[in-house]
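These numbers come from the heavy atoms of this one structure, side chains and all, not from hydrogens, waters or symmetry mates.
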Amino acid sequence: MSTEKNPLGVFLRDRRSRLDPATFGFSGRRRTPGLRREEVAQRANISPTWYTWLEQGRGGAPSADVLNRIASGLMLTEPEREHLFMLGLGRPPEVCYRVAGGVSPRLQRLIDTLDASPALVRTAAWDIVAWNRAATIVLTDYDRLAPDERNILRLLFCNPTIRTFQHDWEAMARFVVGAFRADAARAGATSEIADLVDELCRASPDFDRLWRENEVISHGEGTKRLKHPDLGDIELEYSGFAVDGRPDLNLVVYNPIDPAVAEQIRRQVREKQRTRAANG
């Protein structure tokens, strides 16, 4: 079987050749580096014959379960697992939601450079896991909230102060619920948000009403108007961005339309930094 006709086999052979047998408790002299086929099959809990056929381009298309087992056996990264599915089935794997443990330092440094543009990173459950200083000035001071309080839906539906900031709370709430539903489905988190939905339905008749309407809304970009206690009536353009390799995370950046408002945000950010520095 030529390389051109069996890219799946080439990829599998390459990845097993990179693994150290001793790391997995395998011993014995070897003519070639890496794991043997039967050792990969053992780690993946599949038939050695079936795995051999896959490398040789025989036996038909593998199932998603088999590919996931092989990915685990070969300790593939998430991008490698996706590539394995594209080679084996012609499609990416189904999304598997995972609870976010925060963001990378690189992403945090990126949003920190936006001194006049509030930016935040949210999960599919709309928990806020990262934010910059401008966001604490314009949106909410997430630093002062406990982790379980850093949820956009809890703030919007259960915090009266946040509600008063909205120019048109009903329209905003309807939009948020529809976008939240779409995010959860896209990230494969429908079952994971069930407890949050139940909690909000009990706590807020408004959320219960809007959730039952079953609206699904796309939210890539748009505008947001706020009645800010310090900045006055302001308007922000926002754009949402996927975080590469993390289907459970979404980066949202808000940009003030009025340059004067942007300068006010910068000034308040600087003042907040000086105050914190003075307080140690």
Enquirer: CZ/Arg225 to CG/Asp233 distance, rounded to the nearest 0.5 angstrom?
Expert: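 If we round to the nearest 0.5 Å, Arg225:CZ and Asp233:CG are 6.5 Å apart.
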
Enquirer: Which pairs pass salt bridge (Lys or Arg N to Asp or Glu O under 4.0 Å) with one or both residues in residues 106-117, sequence neighbours excluded?
Expert: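 For residues 106-117, and leaving out neighbouring residues, the salt bridge (Lys or Arg N to Asp or Glu O under 4.0 Å) pairs sorted by first residue read Asp115-Arg266.
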
Enquirer: Can you find a heavy atom in the side chain of Arg181 that is under 4.5 Å from one in the side chain of Asn214?
Expert: yes

Enquirer: Which atoms form the tightest heavy-atom contact between Leu89 and Ser63, and what is the distance?
Expert: CD1-C, 4.4 Å

Enquirer: Would you check if Ile193 and Trp126 make a side-chain contact, meaning some heavy-atom pair closer than 4.5 Å?
Expert: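 No, too far: nothing below the 4.5 Å cut-off.
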
Enquirer: What are the two closest heavy atoms between Cys158 and Leu200, and how far apart are they?
Expert: SG-CD2, 4.1 Å

Enquirer: Leu236 and Ile111: same hydrophobic cluster, using ILVMFWY side-chain contacts below 4.5 Å?
Expert: no

Enquirer: Using the rule that Ile, Leu, Val, Met, Phe, Trp and Tyr join whenever any side-chain heavy atoms are under 4.5 Å apart, tell me whether Leu156 and Val121 fall into a single cluster.
Expert: no

Enquirer: When you measure from the side chain of Thr275 to the backbone N and O of Glu271, does any donor-acceptor pair fall under 3.5 Å?
Expert: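 Pair found, side chain donor or acceptor close to backbone of Glu271.
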
Enquirer: Could you walk me through whether Val252 and Phe241 satisfy the side chain to side chain contact (heavy atoms under 4.5 Å, CB included) test, starting with their C-alpha distance in whole Å, then the side-chain angles of each, then the deciding distance to 0.1 Å, before giving a yes or no?
Expert: CA-CA 6 Å; Val252 185; Phe241 305 90; over 6 Å; no

Enquirer: Between Val216 and Met172, is there a shared hydrophobic cluster once you connect ILVMFWY residues whose side-chain heavy atoms come closer than 4.5 Å?
Expert: no

Enquirer: Would a 4.5 Å heavy-atom cut-off, applied to side chains only, mark Leu155 and Leu145 as touching?
Expert: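 Answer yes - side chains close enough.
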
Enquirer: Find the distance between CG (Leu139) and CD1 (Ile152) and round it off to the nearest 0.5 Å.
Expert: 8.5 Å

Enquirer: State whether the side chain of Ser72 and the backbone N or O of Arg69 hold a donor-acceptor pair below 3.5 Å, judged by distance alone.
Expert: no

Enquirer: Indicate yes or no: at least one non-hydrogen side-chain atom of Leu19 is less than 4.5 angstrom from one of Val40.
Expert: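 They are not in contact (no side-chain heavy atoms under 4.5 Å apart), so the answer is no.
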
Enquirer: What about Phe165 and Ile265, same hydrophobic cluster or not, with Ile/Leu/Val/Met/Phe/Trp/Tyr joined at side-chain heavy-atom distances under 4.5 Å?
Expert: yes

Enquirer: When rounded to the nearest 0.5 angstrom, what is the spacing between CG in Asn6 and CZ in Arg13?
Expert: 6.0 Å

Enquirer: Walk me through whether Met86 and Phe11 qualify under side chain to side chain contact (heavy atoms under 4.5 Å, CB included).
Expert: CA-CA 11 Å; Met86 294 302 298; Phe11 184 69; over 6 Å; no

Enquirer: Any salt bridge linking Glu55 with Arg37? Criterion: basic side-chain nitrogen under 4.0 Å from a carboxylate oxygen.
Expert: yes

Enquirer: Between Asn250 and Ala242, which heavy-atom pair has the shortest distance, and what is it?
Expert: ND2-N, 4.2 Å

Enquirer: Describe, in one word, how the ring planes of Tyr238 and Tyr254 are oriented to each other, choosing from parallel (under 30°), tilted (30 to 60°) and perpendicular (over 60°).
Expert: tilted

Enquirer: Using the test ring-ring contact (aromatic ring centres under 6.0 Å, His included), find all partners of Phe175 that sit at least two apart in sequence or belong to another chain.
Expert: none

Enquirer: I'd like to know if the side chain of Thr52 reaches the main chain of Pro48, judged simply by a donor and an acceptor atom lying under 3.5 Å from each other, with no hydrogens or angles considered.
Expert: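 Such a contact is found between Thr52 side chain and Pro48 backbone.
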
Enquirer: I would like to know whether Arg16 and Glu39 meet salt bridge (charged side-chain N to carboxylate O under 4.0 Å, His left out); could you show each step before the answer?
Expert: CA-CA 9 Å; Arg16 71 178 170 87; Glu39 291 167 345; over 6 Å; no

Enquirer: Would Phe85 and Asn68 satisfy side chain to side chain contact (heavy atoms under 4.5 Å, CB included), going step by step from the backbone distance to the final call?
Expert: CA-CA 9 Å; Phe85 267 73; Asn68 276 322; 3.5 Å; yes

Enquirer: Could you grab the distance from atom CH2 of Trp53 to atom OG of Ser47, nearest 0.5 Å is fine?
Expert: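 Rounded to the nearest 0.5 Å, the CH2-OG separation comes out at 7.5 Å.
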
Enquirer: Closer than 3.5 angstrom, by distance alone: can the side chain of Arg154 be matched with the main-chain N or O of Asp148 as a donor-acceptor pair?
Expert: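 Yes: the side chain of Arg154 pairs with the backbone of Asp148.
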
Enquirer: Regarding Arg122 and Asn151, do their side chains bring together a donor and an acceptor under 3.5 Å, going by distance alone?
Expert: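 No.
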
Enquirer: Using a 3.5 Å distance criterion without hydrogens, assess whether the side chain of Glu263 forms a donor-acceptor pair with backbone atoms of Pro259.
Expert: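 Not confirmed, Glu263 side chain does not pair with Pro259 backbone.
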
Enquirer: Between the side chains of Glu237 and Lys224, is the shortest nitrogen-to-carboxylate-oxygen separation below 4.0 Å, so that they form an ion pair?
Expert: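 Salt bridge between Lys224 and Glu237, a charged N being under 4.0 Å from a carboxylate O: no.
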
Enquirer: The test is salt bridge (charged side-chain N to carboxylate O under 4.0 Å, His left out); show your working for Glu215 and Arg174 and say whether it passes.
Expert: CA-CA 8 Å; Glu215 291 287 346; Arg174 188 180 302 279; 5.5 Å; no

Enquirer: Is the distance between the ring centroids of Phe157 and Trp169 less than 6.0 Å?
Expert: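 So the answer is yes for these two rings.
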
Enquirer: Spell out, yes or no, whether Leu196 and Val129 are grouped together once hydrophobic residues are joined by side-chain heavy atoms under 4.5 Å, including indirect joins.
Expert: no

Enquirer: Evaluate Lys227 against His167 for side chain to side chain contact (heavy atoms under 4.5 Å, CB included), listing each step before the verdict.
Expert: CA-CA 6 Å; Lys227 295 181 289 185; His167 254 279; 3.7 Å; yes

Enquirer: Salt bridge (charged side-chain N to carboxylate O under 4.0 Å, His left out), that's the test. Do Glu170 and Arg209 meet it? Break it down for me.
Expert: CA-CA 11 Å; Glu170 177 69 24; Arg209 168 177 56 85; 3.1 Å; yes

Enquirer: Is atom CZ of Arg91 surrounded by more than 12 heavy atoms (other residues, nucleotides or ligands) closer than 6.0 Å?
Expert: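 Yes, because the 6.0 Å sphere around CZ of Arg91 holds more than 12 heavy atoms from other groups.
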
Enquirer: Looking at Pro62 and Gly88, what are the two nearest heavy atoms and their distance?
Expert: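 Shortest heavy-atom contact: CD-O, 3.8 Å.
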
Enquirer: Are side-chain heavy atoms of Val138 and Ile234 found at a separation under 4.5 Å?
Expert: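 Contact flag for Val138/Ile234 side chains = yes.
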
Enquirer: Are Phe26 and Gln42 side-chain neighbours, meaning at least one heavy-atom pair lies under 4.5 Å?
Expert: yes

Enquirer: Roughly how far, to the nearest 0.5 Å, is the OG1 atom of Thr49 from the CD atom of Gln56?
Expert: 10.0 Å

Enquirer: Have Trp131 and Asp143 got a donor and an acceptor in their side chains that come within less than 3.5 Å?
Expert: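 Short answer, yes.
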
Enquirer: Assess the side chains of Lys272 and Thr136: does a donor N or O sit below 3.5 Å from an acceptor N or O?
Expert: yes

Enquirer: Closest approach of Ala119 and Val253, non-hydrogen atoms and distance?
Expert: CB-CG2, 4.1 Å

Enquirer: Between the side chain of Asn255 and the main-chain N/O of Ser117, is any donor-acceptor distance below 3.5 Å?
Expert: no

Enquirer: Checking the side chain of Thr113 only, and the main-chain atoms of Leu110 only, is there a donor and an acceptor separated by less than 3.5 Å?
Expert: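 Yes; judged by distance alone, with no hydrogens or angles, the pair exists.
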
Enquirer: Does a salt bridge link Arg202 with Asp198, judged by any charged N lying under 4.0 Å from a carboxylate O?
Expert: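 No.
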
Enquirer: Just how far is it from atom CZ of Arg30 to atom CZ of Arg36, taken to the nearest 0.5 Å?
Expert: 4.0 Å

Enquirer: Looking at every non-hydrogen atom in both residues, tell me the closest pair between Ala134 and Ala116 and how far apart they are.
Expert: CB-C, 4.2 Å

Enquirer: Got Leu87 and Pro7 here, is their nearest side-chain heavy-atom distance under 4.5 Å?
Expert: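 Yes, close enough: below the 4.5 Å cut-off.
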
Enquirer: Under 4.5 Å between any side-chain heavy atoms of Val261 and Ile257, yes or no?
Expert: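 In short, these two side chains do not touch, never coming nearer than 4.5 Å.
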
Enquirer: Got more than 12 heavy atoms from elsewhere within 6.0 Å of CD, Glu221?
Expert: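 Counting neighbours around CD of Glu221, 12 or fewer heavy atoms of other residues, nucleotides or ligands fall under 6.0 Å, so no.
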
